[in-house]
Amino acid sequence: MRNASWVVVLGAGAFVALLGAALGQDQLFRTHMWLLTLVLVLATVVMLRTLRFSPAPAAQIPFKSAQDDVQYMDTVIRYGTIATVFWGVVGFLVGVVVAAQLAWPQLNIEPWFNFGRMRPLHTSAVIFAFGGNALLATSFYVVQRTCRARLWGGDLAWFVFWGYQLFIVLAATGYLLGITAGREYAEPEWYVDLWLTVVWVAYLLVFMGTLMKRKEPHIYVANWFYLAFIVTIAMLHVVNNLAMPVSFLGAKSYSAFAGVQDALTQWWYGHNAVGFFLTAGFLGMMYYFVPKQANRPIYSYRLSIIHFWALIFLYIWAGPHHLHYTALPDWAQTLGMVFSVMLWMPSWGGMINGLMTLSGAWDKLRTDPILRMMVIAVAFYGMSTFEGPMMSIKAVNSLSHYTDWTIGHVHSGALGWVGMISFGAVYFLVPKLWQRQRLYSLRMVNWHFWLATLGIVLYAAVMWVAGIQQGLMWREYNDQGFLVYSFAESVAAMHPYYVLRTVGGLLYLTGGLIMAFNIYMTIRGYQRDEIAMGEEAPAPGTVSQPAE
């Protein structure tokens with residue numbers, strides 16, 4: 001009987017959630033459990049509609065490898081690709097709303113839609129919902145193709161996908177309800193953290209199991225980066241979220257750490273979430289999709305191995321640079337700064353490797369906006385990994401920290417590097433996963449490229465200027481030693497920058513909406529009648545003449 005086990009599991013989960021809603025010790029926990037009950041009941045109903053009492057038919061996998069008879073598990077990747085696009089648009093939209101709330105505070109709607117609750121919703125939607133689904137989908141695609149093996153574990157990959165979507169829903173609704181652990185990039189409370197741990201272990205098993213049953217003896221470097229991302233995020237998540245709940249039927253918990261140890265643990269996690277989730281995982285994406293789209297081998301395989309081991313060793317030590325001029329011992333601050341500066345070298349080695357892969361193929365940038373998107377992503381990676389080490393230097397950090405300069409830096413990395421390489425990967429995957437000759441419109445990809453690029457450049461440049469102005473205003477003293485500007489005056493001075501930031505975010509969101517439409521039409525099987533990239537439309541009224 002097909003799907004019977006899923007119906008039982010989902011039904012049992014809905015019953016447990018219902019018990020939590022009935023017996024919860026606080027209103028927030030009960031509300032969250034009611035939401036979870038609703039989600040699981042709907043999932044149970046959907047699975048009941050697919051229930052079949054006949055024997056399960058043989059797997060119908062539409063894509064077969066050209067090299068052998070391996071049947072790849074691509075349906076879960078299709079779902080992951082669609083989820084990537086969906087959560088990307090949601091994350092960008094919430095980001096525009098949050099930016100507008102800073103420019104026009106009257107847009108804060110109490111209690112659920114104020115800045116304090118919407119801001120972590122935005123960061124988590126972009127990082128974990130958009131970025132996380134991009135990593136799930138591409139890692140499942142890449143590991144199968146480079147290992148010439150079907151995903152290990154049968155339906156376990158489906159559990160990973162849907163379990164991760166449930167985590168996103170629980171985290172997002174928790175933020176709006178006010179359920180938060182108050183930890184940067186680790187806001188969900190203890191019970192959501194426990195669920196994510198289960199899902200992540202399953203993800204590791206699927207990935208490792210596929211590697212172990214591979215038919216290709218060599219493990220391609222992209223898989224090393226994906227594996228490092230999965231293993232390290234598991235370690236970071238478990239340690240940073242060690243906590244004791246006040247009640248096992250309540251939402252609130254208290255961290256196992258306190259004081260400066262808690263701060264150090266948090267930024268060991270926070271910076272390495274950036275280092276391994278937003279860097280190592282997406283470097284795996286770069287090392288597979290850039291050579292595939294350019295139809296060129298990676299520039300230097302040896303350099304990619306050096307890049308991997310140097311990055312993995314150095315990144316894990318850089319977290320203390322978030323705690324300059326705090327109670328953290330000075331030696332620990334200096335350690336974080338030194339390792340951050342050292343990170344410049346392997347990071348730029350990876351950037352050079354990605355860009356030099358286009359040696360002999362630079363002309364393709366004129367006609368291939370997908371490749372152009374990937375190249376601009378690698379360029380933003382290089383810029384962000386220069387700016388980050390520079391900002392970790394204590395003298396620079398004394399001006400930049402707690403200002404909007406940091407916001408500009410984070411967004412140039414997240415939207416310039418992570419966003420652009422993800423867009424390129426999605427545009428590469430969709431025609432292959434749905435067996436389409438090409439995307440619905442390459443011209444629309446070009447529009448997306450320019451809107452996204454202009455949006456993030458405007459956003460980052462405005463935040464750089466705003467942050468430097470903030471830092472200078474905060475440290476301006478008069479000849480009597482008093483501060484020249486109050487904090488309120490520095491906030492008022494930011495208004496035009498915040499308006500421009502909202503405009504930059506709107507441009508980026510518009511590009512995301514164009515991508516969503518383009519992907520939808522491609523999946524439906526349509527192709528737009530358009531002039532090929534690199535060719536000009538004939539002038540009105542002109543008629544082609546035969547050659548003499």
Side-chain angles (χ1 to χ4, degrees), residues 59-65 67-68 70-88 128-168 196 198-216 219-234 276-278 280-293 418 421-435 519 523:
Q60 299 296 318
I61 309 298
F63 183 86
K64 256 191 180 181
S65 167
Q67 293 87 0
D68 53 34
V70 174
Q71 290 186 319
Y72 295 136
M73 190 174 180
D74 281 349
T75 308
V76 68
I77 303 171
R78 293 192 195 99
Y79 276 69
T81 305
I82 293 170
T84 300
V85 176
F86 172 77
W87 288 119
F128 298 113
F130 168 63
N133 275 290
L135 289 167
L136 281 176
T138 57
S139 63
F140 284 163
Y141 183 89
V142 171
V143 75
Q144 290 186 96
R145 267 64 183 182
T146 55
C147 293
R148 293 194 293 124
R150 184 175 166 85
L151 287 177
W152 180 87
D155 284 342
L156 194 58
W158 281 109
F159 170 78
V160 172
F161 172 76
W162 286 115
Y164 195 71
Q165 307 315 304
L166 179 59
F167 157 72
I168 292 168
L196 179 59
V198 173
V199 172
W200 209 258
V201 169
Y203 182 23
L204 176 62
L205 290 174
V206 172
F207 198 86
M208 282 292 295
T210 309
L211 285 174
M212 291 177 70
K213 73 171 194 174
R214 69 187 184 277
K215 296 182 180 179
E216 180 66 41
I219 300 178
Y220 183 59
V221 68
N223 291 321
W224 286 102
F225 278 100
Y226 279 125
L227 185 60
F229 136 72
I230 298 169
V231 171
T232 310
I233 290 300
F276 287 87
F277 200 99
L278 296 177
F282 290 91
L283 284 170
M285 209 180 288
M286 180 196 82
Y287 273 114
Y288 182 84
F289 290 103
V290 171
K292 292 292 283 187
Q293 187 67 25
V418 169
I421 196 70
S422 298
F423 298 151
V426 167
Y427 284 131
F428 176 91
L429 283 175
V430 168
K432 296 190 177 339
L433 292 172
W434 276 271
Q435 296 184 337
I519 295 303
I523 293 171

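Atom CG of L429 and atom NZ of K292 lie 11.0 Å apart (nearest 0.5 Å). Note: R150 CZ to D74 CG = 9.0 Å, rounded to the nearest 0.5 Å. Rounded to the nearest 0.5 angstrom, L433 CG and Y72 OH are separated by 12.5 Å.
Surrounding CH2 of W434 are more than 12 heavy atoms belonging to other residues, nucleotides or ligands, all under 6.0 Å away.
Using a 4.5 Å heavy-atom threshold, the side chains of L135 and M285 count as touching. For the pair K432 and Y141, the minimum side-chain heavy-atom distance is below 4.5 Å. Looking at W152 and L205, their side chains come closer than 4.5 Å, going by heavy atoms from C-beta outward. No side-chain heavy atom of F161 sits less than 4.5 Å from a side-chain heavy atom of F140. Side-chain atoms of L151 and W158, non-hydrogen and from C-beta on, never get closer than 4.5 Å to each other. Residues L283 and I421 are not in side-chain contact: their nearest non-hydrogen atoms beyond the backbone lie 4.5 Å or more apart. No side-chain heavy atom of V160 sits under 4.5 Å from any side-chain heavy atom of V76.
Heavy atoms only, all atoms of each residue included: L211 and C147 are closest at CD2-SG, 3.6 Å. The two residues V418 and S422 make their nearest non-hydrogen contact at O-OG, 2.7 Å. Scanning both residues, F282 and A134, for their nearest heavy atoms gives CE2-CB, 4.4 Å.
A donor-acceptor contact shorter than 3.5 Å is absent between the side chain of Q293 and the backbone of F428.
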Sequence neighbours left out, cut at 3.5 Å: what donor-acceptor pairs do the side chains of residues 221-234 make with other protein atoms?
unit_1	atom_1	unit_2	atom_2	d
N223	ND2	T146	OG1	2.7
W224	NE1	I219	O	3.4
Y226	OH	T138	OG1	2.9
T232	OG1	A228	O	2.7

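Take T81 and apply the side chain to side chain donor-acceptor pair (under 3.5 Å) test, not counting sequence neighbours, and it matches no residue. Scored by the side chain to side chain donor-acceptor pair (under 3.5 Å) test, Y164 finds no partners at all (sequence neighbours excluded). Not counting sequence neighbours, the partners of F423 by the ring pair (Phe, Tyr, Trp, His ring centres under 6.0 Å) test are F130, H448, Y508. Evaluation of the side-chain contact (heavy atoms from CB on, under 4.5 Å) rule for V85 yields V426, M515, A516, I519 as partners, not counting sequence neighbours.
Sorted by first and then second residue, the side chain to side chain donor-acceptor pair (under 3.5 Å) pairs with a member in residues 201-211 read S139-Y203; sequence neighbours excluded.
For Y220 and Y287, the gap between ring centers reaches or exceeds 6.0 Å.
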Self-check item: Pair I523-I82, side-chain contact (heavy atoms from CB on, under 4.5 Å): steps then yes or no
Solution: CA-CA 10 Å; I523 293 171; I82 293 170; 4.2 Å; yes
